[in-house]
Protein chains: 2
Amino acid sequence: MSKHTIQDVARRARVGVGTVSRVLNNHPSVRKSTRDKVLAAIEDLGYAPNPHARRIAGGRSYTVSVMLPMVSVEFYVRLVNAIEECLDENRFDMAIFPLLGRARIERYLNSNRIAYQADGIIMCTYDLGKLFPDGALPTEHPVVLVDNESDHYDSVFLDNYYGGYLVGEYAGRLGLPAYSMTLEDDPEGVFVSQVFVDRKRGFDDGIASSNVRFVRDYPCGLHHQGGVQAAQQLLDEAVFPCTVFAAADVLAGSLMEEAGRRGLVVGRDIKVIGFDDQPWSQDMKLTTVHQPIEVMGRRAAEMLLERLSGYEGPPRKARFTPHLVERDSTLGEVLPAKYVAIAER
Amino acid sequence: MSKHTIQDVARRARVGVGTVSRVLNNHPSVRKSTRDKVLAAIEDLGYAPNPHARRIAGGRSYTVSVMLPMVSVEFYVRLVNAIEECLDENRFDMAIFPLLGRARIERYLNSNRIAYQADGIIMCTYDLGKLFPDGALPTEHPVVLVDNESDHYDSVFLDNYYGGYLVGEYAGRLGLPAYSMTLEDDPEGVFVSQVFVDRKRGFDDGIASSNVRFVRDYPCGLHHQGGVQAAQQLLDEAVFPCTVFAAADVLAGSLMEEAGRRGLVVGRDIKVIGFDDQPWSQDMKLTTVHQPIEVMGRRAAEMLLERLSGYEGPPRKARFTPHLVERDSTLGEVLPAKYVAIAER
DNA sequence: CTGTTAGCGCGTTCAT
DNA sequence: ATGAACGCGCTAACAG
C-alpha cells in the first residue's frame, strides 16, 4: 500500500484532486497535457489509489472474488489463470476463495464475508441451488457461474452431455465391449458436480444406438490415486479388447499407466477415451474430448466486467461445444482374441 | 452486504453513532443496558459494518490474507482450516491467495494487490529471501511466516532437521541398508522448500553415527504419482530387507502401495518411515514423524493477532519439535535373506 | 458513560 | 477543462 494519497499527486502535478481522480478513472474530459502531468506525478510517487476508499466513495473497488471448490486441480489452475489474465488487462484485481468443504461453505452463506465485498463474483462448479438458499448467493453484486448452467445468473459452461454423446457414438463405432470411469459421489455431498453426470448420460445415450454392449461403470475419486484404484478393479474384471471412457483425462492417465504395467497395449487391447484434452494428453496420445478452458475462463471474466460496466440484460448462457480429438489411444488394430489373451498375461 | 449503516442502527437504538461504534469495537466504557439496546438494533436490522469504511476510518478491516503455494494438498488444507478457525473466533475474516506459479508470484510483488490491503499476512512455505526483494513482502502490515524460519518476521515452523534426525537414528537402529525419497527440485524454481532439505540433512546426520549403509536418494514430485514413479525405480534397484525414509507421508503411501503390488511385505521386507503423521497414516500403520499442523496454524494466527493488537517486540520464532510414532510399517521381524529373496519374486 | 464532530482517501457533483 | 466542496460509512478525539 502506497503511503501517498490523491492529494499528494494533486499537489505534485499542480492540479486539483478532482483532476487526478478523472485521470485515474479514464474520464474523457481531461486535456492531454494535464493528463500527462498527472500520470508523471503518479509515476514519480509510485502512487496507487486505495481500493477501500474507492469502494466507499465510488461504490467499486476493482476487485472480483472467485469462489471454487479447490485449486491445484488442473482444470481450476487453467481456469483461474485465464480469468486473472482478463481481469488484469482491465485493471481489476482478483481474490480466490477456495470453499474446500462443508464447514467453509457454510461460513460463506454469511453475506458479511469479505468475499462478498468485491464488485462481483465468479462462482465455479458448485450447484448454487443445492448450496445456497433460493439458489442465490447472498449478494447484490453481479455473479457469473462457470462450469454450471443457470437461469438466474450469467453462466459459462461446456455442453458436457454432448461431449459424452460424442464419446458414446465413437465407442459404438469401435464395436468393442465398453466400460466407463466416472466421478464417485462426494461423501460430504457438497461437490456434487452435474458435469460428470451429464458426461455419463451423454455417453449412455450415444452408445445406445449401436450394438455395443456397455458392461459397467467404475466410480472413482478425481485424482491419480482414485483412478489407479478403479483402473485396477476394471482391468481385473474386463474382457479384452474393450473400450473405456474415462470421464476426465486424469483418470484416463491412471488407466493407461496401470494397463501398461500389466503388459496391455493401449489402442489395441484397450481403447481409452478421456475428457478435457489437457495439454499433456497430446503427449500421451490420448483420444479425448476437447474443452476450451482458457476461452471459457476469459468469457466468464468478460461477462462479469460487462455487468460491472452497467449491462443489465437478462441472464445469458455461454454454452461451449466440445469436440473429439482422435489419437493413438484408440487407433491400434484389434488383434484376434486368442493372441490378446496371451498378451494379457 | 447489508444496506444499513451505522446511522440507521444509531437512530433505531436512540443513541449516537459513537456509541454504536464503541459497541462494535468492544470498547469497555459502554453501559450494559445501552450496549444491549445497540446489539438489539443491530440484530433487528441485520446490520454488519462495512469493512472498507472501517479500513478507511480506523485503519483496519479485520481481514487477513493467507498466501500459499497451492491448496488441496493435505498439509495446507489442515493448516488453513486451523488458521481460519482461530481468526473466526476473533471476528477476523480470511482471504486465501494461492500463488500457484511464477507468473502469479510476480504479480504479487506489486504492493497494490488486494492481498496486501488486509490488516496482516500469513505467508506459508515460500522462502521470502529468494522470491521478494530484500526478503520482505511489499507491505507495512504485520507478517507471520509458517513452515519457514525467519529473522525478519514472526515465524512458526517445525524443527524438520530434528525430525529427520529422529528417523536417521531409528534407521540406524534397524540396521538395514537405507534409502530415501525426497522432494525433487521444482522446475520453476519457486517452490524450493527448505523443509525437505532440512529433513534430509537431519536424516543423513542421524544415520551417520550408526554403521548402516545409506545407498541412495530418489527425488520425486510431492504427489501420489510422483511417489509411485520413484517407488518403482527404488524397488527395482533396492536390496531387501531394507529401510526407506519417505520425506512425506504421501510418498510413503505410494511406496507401500507399490511394494504391496510386488508382493513385498511392508515391515518385514521393507521398513517404511514417513513424515507428517497425516490422519490416514494411523490406518495404514505407517511409522512416521508427527507434526502438529493444527497447533502450528493456530499459533500463527495468534501471533498475527497479537501484532495487530499492538505488540511490537522483535521477531519471534515458534519452533515445534516433532516426535517419531512407531507403527507396523517398521515392526515386522526381518527374515533370513534367502527366504526374502523368494518372497520378493 | 455518551453525543457530536472531524477526518480517513476518493468519486462526484457544481460552478467556473 | 478543471478546481472546490460534499459525502460515502466508519473510527477516534473531544466535550460534556
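The figures here come from the full heavy-atom set of this structure, side chains too, leaving out hydrogens, waters and symmetry mates. Sequence lines set the chain letters: A, B, ... in the order given, protein chains first and strands last, and positions in each chain run from 1.
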Can you check whether [X] has a side-chain N or O nearer than 4.0 Å to OP1 or OP2 of [N]?
| X | N | answer |
| --- | --- | --- |
| T34(B) | dC1(C) | no |
| R31(B) | dT2(C) | yes |
| Y47(B) | dC10(D) | yes |
| S29(B) | dC1(C) | no |
| T5(A) | dG9(C) | no |
| R54(B) | dC10(D) | no |
| N50(A) | dC10(C) | no |

Heavy atoms from C-beta onward define the side chain here; which of [options] lies closest to that of [X]?
| X | options | answer |
| --- | --- | --- |
| I56(B) | dG11(C), dC8(C), dT2(D) | dC8(C) |
| V30(B) | dT2(C), dC10(C), dT5(C) | dT2(C) |
| A57(A) | dT13(C), dC8(D), dT11(D) | dC8(D) |

Item to complete: Select base, sugar-phosphate, or nothing to describe what V15(A) touches, counting heavy atoms under 4.0 Å on all strands.
Response: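 Sugar-phosphate only.
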- Message: Taking any heavy-atom pair under 4.0 Å as a contact, classify R60(A): base, sugar-phosphate, or nothing.
- Response: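 Counting heavy atoms under 4.0 Å across all strands, no contact is made by R60(A).
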[X] [atom1] to [N] [atom2], straight-line distance once rounded to whole Å:
| X | N | atom1 | atom2 | value |
| --- | --- | --- | --- | --- |
| R55(A) | dG9(D) | CZ | C1' | 12 Å |
| H52(A) | dG7(D) | NE2 | P | 24 Å |
| D36(B) | dC1(C) | CG | C1' | 15 Å |
| N25(B) | dC10(D) | CG | P | 11 Å |
| Y62(B) | dG9(D) | OH | C1' | 14 Å |
| N26(B) | dT11(D) | CG | P | 11 Å |
| K32(A) | dT2(D) | NZ | C1' | 18 Å |
| I6(A) | dC8(D) | CD1 | P | 18 Å |

When you check the side-chain N and O atoms of T321(A) and D159(A), is any donor under 3.5 Å from an acceptor?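 No, no side-chain donor-acceptor contact under 3.5 Å.
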Under 4.0 Å between a Lys/Arg side-chain N and an Asp/Glu carboxylate O for [X] and [Y]?
| X | Y | result |
| --- | --- | --- |
| E84(A) | R113(B) | yes |
| R12(B) | D8(B) | no |
| R316(A) | D154(A) | yes |
| E89(A) | R298(A) | yes |

Item to complete: Could you tell me whether the side chain of R35(A) has a donor or acceptor atom within less than 3.5 Å of a complementary atom in the base of dT2(D)?
Response: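 Side chain to base: no pair present.
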Any donor-acceptor pair under 3.5 Å joining the side chain of R14(B) to the base of dG3(C)?
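Answer is no: no donor-acceptor pair is held.
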Practice item. Evaluate side chain to side chain contact (heavy atoms under 4.5 Å, CB included) for L68(A) paired with V80(A), printing each intermediate quantity in order. Key: CA-CA 10 Å; L68(A) 35 68; V80(A) 162; 3.5 Å; yes
*Using the closest heavy atom to pick a nucleotide of DNA chain C for each, name whichever of A53(B) or T19(A) lands nearer the 5' end.*
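Between the two, 5'-proximity favours A53(B).
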